[in-house]
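FYI, side chains are in, hydrogens and waters are out, and symmetry mates aren't considered; it's all heavy atoms of this structure. In this text the structure is predicted, and so the values were computed from the model without any measurement.
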Amino acid sequence: MNHGALFSLKGQVAVVTGAGGGIGHGGAVALAEAGADLALIGRNVAKLKETAAAVEQTGRRALIVEADVTDEAMVAKACDRIVNELGSADILFNNAGITSPKTLADTTLDEWRRVMDVNLTGSFLCSRAFARPMIERKRGRIINMGSILSGRGMANRTAYSATKAGLANFGAAMAFELGPHGITVNTIGATVIVTDLNRELIRTQPQLYDKVRARSAVGRLGEIEDVVGVLVFLASPAAGYVTGQTIYVDGGYTAG
């Protein structure tokens, strides 16, 4: 057996939501370096173009798809376009997400619903849409971007914690439904990963993030490079017998 081929994504098409952001950008490039062509979904076309340029530097194709993952019609249209133009949709990385660093008392209903819509409903709509072509081809990988808060709580993150816990169990349930069709579903339970989304929060809430560092076995916050290796593994043939799991990438945070 050629064990190197176990990690190759050659000939496959990967779909990344929130592809203009830090983890989305890094994940898309890593998947391209492993051999996949990319469909990049997001709302910020300028950011998507930056990711597309980085993907194309690896020699792979990049299709920019402007869409809001909370819009059912836009997600369905995006799926049809990707399959028609790239030929398939073999890997889905449900990465689009937002946070709301507020106390329970200060979280408005509109804020609660917005976090639920992007983090959880968006993943539902994309998973439902892209599972269909995967079922037809009898193969696929769905990977959700979870959190250490997929399995525990944290003050001032009630809405975010609820969505990430829901996302992990949503993935586990999908694993049972889609497994007979050759599709695996897993969630990456990442610690705080330094990106443009949270860089300002890290600066303005040092006591909170210092606690995360202190609890980590390696004594630091995560970087995008810490996540993308696990992403490529879960997308690859090497992870064909791994499904329904939340894989924690947290420097040991959840071990203690």
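Between the Ser236 side chain and the Leu6 main chain, a donor and an acceptor come within less than 3.5 Å of each other. Distance alone, capped at 3.5 Å, is enough to place a donor-acceptor pair between the Gln245 side chain and the Thr243 backbone. Asn95 places no side-chain N or O within 3.5 Å of a backbone atom of Met145 that could act as its donor or acceptor partner. Checked by atom type and distance alone, the side chain of Thr58 pairs as donor or acceptor with a backbone atom of Val55 at under 3.5 Å. Judged purely by atom type and a 3.5 angstrom limit, Asp226 uses its side chain to pair as donor or acceptor with the backbone of Glu223. Side-chain atoms of Ser8 never come within 3.5 Å of backbone atoms of Ala5 as a donor-acceptor pair (strictly under, hydrogens ignored). Checking side-chain atoms of Ser150 against main-chain N and O of Gly146 turns up no donor-acceptor pair under 3.5 Å.
Electrostatic pairing of Arg141 and Asp90 does not count as a salt bridge here, judged by no charged N lying under 4.0 Å from a carboxylate O. At a threshold of 4.0 Å, the pair Asp210-Arg213 counts as salt-bridged, since one of the basic side-chain nitrogens sits closer than that to a carboxylate oxygen. Salt bridge annotation for Lys102-Glu111: present, with a cationic side-chain nitrogen under 4.0 angstrom from a carboxylate oxygen. A salt bridge links Arg203 to Glu200: at least one charged side-chain nitrogen sits closer than 4.0 Å to a carboxylate oxygen.
To the nearest 0.5 Å, the span separating CD on Gln12 from CG on Asp37 amounts to 10.5 Å. With rounding to the nearest 0.5 Å, the separation of CD1 in Ile82 from NZ in Lys77 is 12.5 Å. Distance check, rounded to the nearest 0.5 Å: CZ of Arg114 to OG of Ser100 gives 11.5 Å. Taking NE2 of His25 as the start and OG1 of Thr195 as the end, the distance is 12.5 Å to the nearest 0.5 Å. Here Glu85 contributes atom CD and Asp80 contributes atom CG; the two are 11.0 Å apart, rounded to the nearest 0.5 Å. Taken to the nearest 0.5 Å, the OG1 atom of Thr103 stands 11.0 Å off from the CZ atom of Arg157.
In terms of the salt bridge (charged side-chain N to carboxylate O under 4.0 Å, His left out) criterion, Asp250 has no residue partners (sequence neighbours excluded). With sequence neighbours excluded, no residue satisfies salt bridge (charged side-chain N to carboxylate O under 4.0 Å, His left out) with Asp71.
Within the 4.5 Å cutoff, side-chain heavy atoms of Leu178 are placed close to those of Val185. Contact annotation: the side chain of Thr246 approaches that of Tyr248 to within less than 4.5 Å [non-hydrogen atoms, C-beta and beyond]. Two residues are said to be in side-chain contact when any heavy atoms from C-beta on lie closer than 4.5 Å; Val15 and Phe130 meet this criterion. At a threshold of 4.5 Å between non-hydrogen side-chain atoms, the residues Ile247 and Leu234 count as touching. Proximity of Ile143 to Leu231: side-chain heavy atoms (C-beta onward) are separated by under 4.5 Å at one or more points. Counting only heavy atoms from C-beta outward, the side chains of Ile142 and Thr184 never approach each other to under 4.5 Å. Within the 4.5 Å cutoff, side-chain heavy atoms of Val16 are placed close to those of Leu38. Inter-residue side-chain proximity for Val242 and Asn186 is flagged as met; some heavy-atom pair is nearer than 4.5 Å.
Relative orientation of the Phe124 and Phe170 rings is perpendicular, given thresholds of 30° and 60° on the angle between their planes.
Nearest approach of Tyr253 to Arg215, heavy atoms of both residues: O-NE, 3.1 Å. Of all heavy-atom pairs spanning Leu48 and Gly20, the tightest one is CD2-N, 3.6 Å. The two residues Trp112 and Thr107 make their nearest non-hydrogen contact at N-CG2, 4.0 Å. In terms of heavy atoms, Ala78 sits closest to Ala67 at CB-CB, 4.5 Å. Listed here is the closest heavy atom pair of Ala32 and Arg60: O-CG, 3.2 Å. In terms of heavy-atom proximity, Ala235 sits nearest to Leu9 at O-CD2, 3.4 Å.
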Verdict with reasoning, Leu40 to Leu63, per side-chain contact (heavy atoms from CB on, under 4.5 Å): CA-CA 6 Å; Leu40 309 171; Leu63 176 66; over 6 Å; no
With side-chain contact (heavy atoms from CB on, under 4.5 Å) as the criterion, how do Glu66 and Arg43 come out once you've worked through the C-alpha distance, each side chain's angles and the decisive distance to 0.1 Å? CA-CA 5 Å; Glu66 183 181 5; Arg43 295 181 299 162; 5.5 Å; no
Starting from the C-alpha separation in whole Å, work towards a yes-or-no answer on side-chain contact (heavy atoms from CB on, under 4.5 Å) for Ile41 and Val75. CA-CA 9 Å; Ile41 297 178; Val75 170; over 6 Å; no
Trace of the salt bridge (Lys or Arg N to Asp or Glu O under 4.0 Å) decision for Arg128 with Glu72: CA-CA 10 Å; Arg128 187 181 65 177; Glu72 183 177 12; 2.6 Å; yes
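Placement of Phe233 and Leu92 in two distinct hydrophobic clusters is found when ILVMFWY residues are connected by side-chain heavy-atom separations under 4.5 Å, directly or transitively. One hydrophobic cluster holds both Leu221 and Ile148 under the rule that ILVMFWY side chains link at heavy-atom gaps under 4.5 Å. Follow the hydrophobic side-chain contacts under 4.5 Å out from Val65 and you reach Leu125 in the same cluster. Note on Ile193 and Val249: same hydrophobic cluster, where clusters join Ile, Leu, Val, Met, Phe, Trp and Tyr whose side-chain heavy atoms are under 4.5 Å apart, directly or indirectly. The hydrophobic cluster containing Met74 does not contain Phe93, counting ILVMFWY residues as joined when their side-chain heavy atoms lie under 4.5 angstrom apart, directly or transitively.
Each of Asn94, Thr99, Thr70, Thr163 was checked for a side chain to side chain donor-acceptor pair (under 3.5 Å) with Asn119, and the lone residue meeting it is Thr163.
Heavy-atom neighbours of Glu177 CD from other residues, nucleotides or ligands within 6.0 Å: at or below the threshold of 12. Atom CZ of Arg81 has more than 12 heavy atoms from other residues, nucleotides or ligands within 6.0 Å.
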